[in-house]
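The structure appears below as structure tokens.
In this chain, residues are counted from 1 in sequence order. What you are looking at is a predicted structure, and each value in this text was computed from that prediction instead of being measured.
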Amino acid sequence: MSAVSAMMQSIADDVVGVMGDLMPAVQGPRGRVVDAMRYGSLGGGKRLRPFLLVSSADLFGAPRDRSLRAAAALEMIHSYSLIHDDLPAMDDADLRRGRPSAHKEFDEATAILAGDGLLTFAFEVMADAATHPDADVRCALIAALAVASGPAGMVGGQMIDLSTDRTGLDINGIKELQDLKTGALIRFACHGGALLGGAGAEETAKLITYAEDLGLAFQIVDDLLDAFGNEAELGKPAGQDAEMDKATFVKLLGPDEARAEAERLVDRSIGQLTDFGDAAEPLRKVARFVLERTS
Ligand code: GRG
């Protein structure tokens with residue numbers, strides 16, 4: 001295992017542990033929705049967003065027990081988005097992370113409720129004093145996470161994706177869509193880490209710019225993986241964008257230019273980290289990982 005994979009695995013294990021403890025299985029009539037919440041959030045996944053949040057918070061010496069709780073809340077929102085995205089009314093996907101998607105393992109109504117449960121529980125976790133003793137910091141975290149995941153963020157991006165004839169979008173249209181749909185939660189990861197750590201305005205701005213470039217690079221690589229990736233490693237079918245004739249970075253720029261653009265963005269994102277010195281090495285390493293990832 002490479003050094004960055006080991007670092008990511010360690011934070012992934014910790015955040016999954018925190019999520020599991022926060023959502024213990026329950027007996028009785030409401031047990032099924034908790035089972036589906038656990039199914040849709042605890043298995044597999046790269047846990048990129050938690051890694052970004054914890055590594056950003058580490059820059060300012062924030063205690064890990066706090067940053068892991070905030071990271072768990074963020075990953076609950078990401079997991080809800082995947083559960084809902086897989087539903088027949090949206091992407092209609094049978095596979096997620098190499099396993100049946102939540103509505104295939106359970107049923108559609110349970111999958112909808114599991115997504116709703118993860119979304120709302122995430123804010124309960126953020127609002128708890130164990131996440132940060134200062135209520136102003138908790139409020140700032142909650143507000144930023146709500147903006148990132150709501151209609152001005154991920155939900156808005158998903159709406160554009162579902163309602164636009166994506167065959168007609170140009171490169172700026174694709175950038176705007178992806179900046180909301182995928183970028184907003186990645187941006188929150190670094191912003192949330194800065195809030196938890198009490199970062200100053202300049203440090204926060206640098207981390208947010210790092211995350212914006214990284215989020216776009218992540219999405220370009222996602223498009224490249226859909227076009228050329230290995231289905232077994234992806235844990236889901238590939239080639240779906242081309243099948244639907246979607247305008248993607250790969251289609252609009254061509255694979256070579258798309259790859260070059262992702263590399264430029266990652267270089268630029270790393271450039272934002274200079275002032276943080278050696279402490280930002282995990283953020284530099286994960287940026288390079290985003291280019292090399294195969295799933
Ligand atoms: C349903 C409100 C709502 C939003 C859905 C995130 C999303 C919006 C849809 C997912 C569809 C998709 C494949 C988007 C491309 C980028 C992306 C977010 C991929 C999945 O994230 P990873 O690669 O997943 O971090 P893992 O499994 O590693 O957690």
Side-chain angles (χ1 to χ4, degrees), residues 8 11 15 45-60 62 67 70-82 85 119 122-123 126 137-161 172 174-223 249 261-262 264-273 275-276 280 282-284 286-287 289-291 293:
M8 288 184 76
I11 290 179
V15 82
K46 296 177 289 298
R47 314 295 176 186
L48 170 69
R49 295 153 194 79
F51 184 85
L52 290 172
L53 194 154
V54 170
S55 301
S56 300
D58 279 355
L59 290 176
F60 311 100
S67 59
L74 172 58
E75 193 67 1
M76 285 175 202
I77 301 238
H78 170 60
S79 304
Y80 121 73
S81 80
L82 299 182
D85 188 61
L119 168 61
F123 287 99
M126 225 37 137
V137 173
R138 298 201 298 278
C139 239
L141 283 166
I142 290 166
L145 183 57
V147 171
S149 44
M154 181 179 69
V155 166
Q158 180 77 342
M159 189 72 256
I160 300 174
D161 199 5
N172 286 331
I174 292 291
K175 274 189 182 163
E176 191 189 346
L177 183 170
Q178 300 300 3
D179 181 54
L180 297 179
K181 181 177 152 181
T182 313
L185 283 196
I186 291 179
R187 187 183 312 119
F188 171 81
C190 291
H191 186 194
L195 286 169
L196 270 173
E202 208 173 306
E203 294 163 323
T204 303
K206 289 207 160 106
L207 282 174
I208 288 178
T209 307
Y210 158 87
E212 285 172 349
D213 282 342
L214 188 64
L216 205 49
F218 176 88
Q219 186 56 53
I220 294 175
V221 172
D222 213 72
D223 289 355
F249 288 109
E261 176 67 3
R264 274 195 292 274
L265 285 162
V266 164
D267 285 346
R268 206 167 71 177
S269 75
I270 289 173
Q272 293 295 325
L273 303 173
D275 291 350
F276 297 107
L283 293 175
R284 289 186 193 97
V286 80
F289 162 83
V290 159
L291 279 180
R293 73 193 179 98

task = Using side-chain hydrogen bond (donor to acceptor under 3.5 Å, both in side chains) as the criterion, list what pairs up with Gln158, not counting sequence neighbours.
result = Asp85
key: Test side chain to side chain contact (heavy atoms under 4.5 Å, CB included) applied to Arg268 - qualifying residues, sequence neighbours left out   = Asp213, Leu265
query = Under the side-chain hydrogen bond (donor to acceptor under 3.5 Å, both in side chains) test, which residues partner Asp275, sequence neighbours left out?
reply = Lys206
key: Ala122: partners by side chain to side chain contact (heavy atoms under 4.5 Å, CB included), with sequence neighbours left out   = Ala73, Met76, Ile77
query = Quick one: salt bridge (charged side-chain N to carboxylate O under 4.0 Å, His left out) partners of Arg284, sequence neighbours excluded?
reply = Glu281
request  = Measure the spacing between CG of Leu48 and CD1 of Ile186 and express it to the nearest 0.5 Å.
outcome  = 5.5 Å
ask   = In chain order, what residues pass the side-chain hydrogen bond (donor to acceptor under 3.5 Å, both in side chains) check against Glu261, with sequence neighbours excluded?
value = Arg264
Side-chain donor-acceptor distances from residues 187-199 under 3.5 Å, at least two apart:
| residue | atom | partner | partner atom | Å |
| --- | --- | --- | --- | --- |
| Arg187 | NE | Glu212 | OE2 | 2.9 |
| Arg187 | NH2 | Asp179 | OD1 | 2.7 |
| Arg187 | NH2 | Asp179 | OD2 | 3.3 |

Could you list the donor-acceptor pairs under 3.5 angstrom formed by side chains in residues 138-150, with sequence neighbours left out?
| residue | atom | partner | partner atom | Å |
| --- | --- | --- | --- | --- |
| Arg138 | NE | Ala127 | O | 3.1 |
| Arg138 | NH1 | His132 | O | 2.7 |
| Arg138 | NH1 | Pro133 | O | 3.3 |
| Ser149 | OG | Leu145 | O | 2.6 |

request  = Would you please name every residue forming a ring-ring contact (aromatic ring centres under 6.0 Å, His included) with Tyr80, sequence neighbours left out?
outcome  = His84
message = Test of understanding: with side-chain hydrogen bond (donor to acceptor under 3.5 Å, both in side chains), list the residues that count as partners of Gln219, not counting sequence neighbours.
response = Thr182, Asp223
remark   = For Leu177, the side chain to side chain contact (heavy atoms under 4.5 Å, CB included) test, sequence neighbours excluded, returns Ile160, Asp161, Arg166, Leu169, Lys181
